Amino acid sequence: MKMIVAIIQPHRLEEVKEALYAAEVNLITVSEVLGHGRQGGNTEVYRGNRENGNLLRKIRLEIGVNEDYVEKTIEAIIRGARTGDVGDGKIFVYDLAECVRIRTGERGGEAIG
Ligand SMILES: Nc1ncnc2c1ncn2[C@@H]1O[C@H](COP(=O)(O)OP(=O)(O)OP(=O)(O)O)[C@@H](O)[C@H]1O
Ligand SMILES: [Mg+2]
């Protein structure tokens, strides 16, 4: 199992959600976060998302998947999030040791999807 964490532009969230649902990825956590990449928050086109000095408003997605969903999840995020401009975001993939569905006690691959 992997945990896929993606930081995307807020204005691409709807497109990313649609691309994920089209790829049958339906379980997701979404957070509002602040950050900057290698431009230090200075050169991104201003879209009303500057929050705190050089920190920009971004959306963080967390998606836990079985191995056979890793690539299609990454591809769906890229399809929804890419504009070609700086600040489009980044995808991080972590090894995921365990997942437990609290309601049933299921674990691992049974619990994650
Ligand atoms: N190495 C990193 N560690 C932690 N967060 C990061 C890292 N790189 C990017 N981020 C987060 O992702 C957001 C989007 O990054 P961004 O797309 O600007 O990356 P970049 O490396 O600057 O690439 P680009 O040149 O395409 O802008 C940042 O605002 C920050 O929140
Ligand atoms: Mg950047």
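Residue numbers run from 1 in the order of the sequence given. Hydrogens, waters and symmetry mates play no part in the numbers below; they use all other heavy atoms, side chains included. Order of appearance sets the numbers: ligands from 1, and atoms from 1 within every ligand. Just so it is clear, the model here is predicted, and its values are computed rather than measured.
When Ala6, Ala81, Gly37 are checked for heavy-atom proximity to atom 15 (O) of ligand 1, Gly37 turns out nearest.
In this structure, the side chains of Arg60 and Val5 come closer than 4.5 Å at one or more pairs of heavy atoms. You'll find the side chain of Cys99 stays beyond 4.5 Å of the side chain of Glu110, heavy atoms only.
A donor-acceptor pair is defined here as one N or O able to donate and one able to accept, closer than 3.5 Å; no such pair exists between the side chain of Asn66 and the backbone of Met1. With hydrogens and angles ignored, the 3.5 Å screen pairs no side-chain donor or acceptor of Gln9 with any backbone N or O of Lys58. Without hydrogens or angle criteria, Ser31 side chain to Val33 main chain gives no donor-acceptor distance under 3.5 Å. With Arg101 contributing its side chain and Gly113 its backbone, the two residues share a donor-acceptor pair below 3.5 Å.
The closest protein non-hydrogen atom to atom 21 (O) of ligand 1 is Lys90 NZ, 2.8 Å. The closest protein non-hydrogen atom to atom 17 (O) of ligand 1 is Gly89 N, 2.8 Å. Scanning the protein heavy atoms around atom 7 (C) of ligand 1, the nearest turns out to be Phe92 CZ, 3.7 Å. At the shortest separation from atom 13 (C) of ligand 1 among protein heavy atoms lies Ile7 CG2, 3.5 Å.
Contact annotation: for Arg38 versus ligand 1, heavy atoms closer than 4.0 Å belong to both the backbone and the side chain.
Ligand 1 places these atoms under 4.0 Å from at least one heavy atom of Val86: 26 (O), 27 (O). Taking every non-hydrogen atom of Gly35 and a distance limit under 4.0 Å, the qualifying atoms of ligand 1 come out as 29 (O), 31 (O). Atoms of ligand 1 lying under 4.0 Å from at least one heavy atom of Gly87, given by number and element, are 16 (P), 17 (O), 18 (O), 24 (P), 26 (O), 27 (O). Less than 4.0 angstrom separates some heavy atom of Asp88 from each of these atoms of ligand 1: 17 (O). The distance from ligand 1 to the heavy atoms of His36 drops below 4.0 Å at these ligand atoms: 28 (C), 29 (O), 30 (C), 31 (O).
Here the CG-CD1 distance, from Leu61 to Ile4, works out to 10.5 Å after rounding to the nearest 0.5 Å. With rounding to the nearest 0.5 angstrom, the CG atom of Leu27 is 11.0 Å from the CG atom of Leu20.
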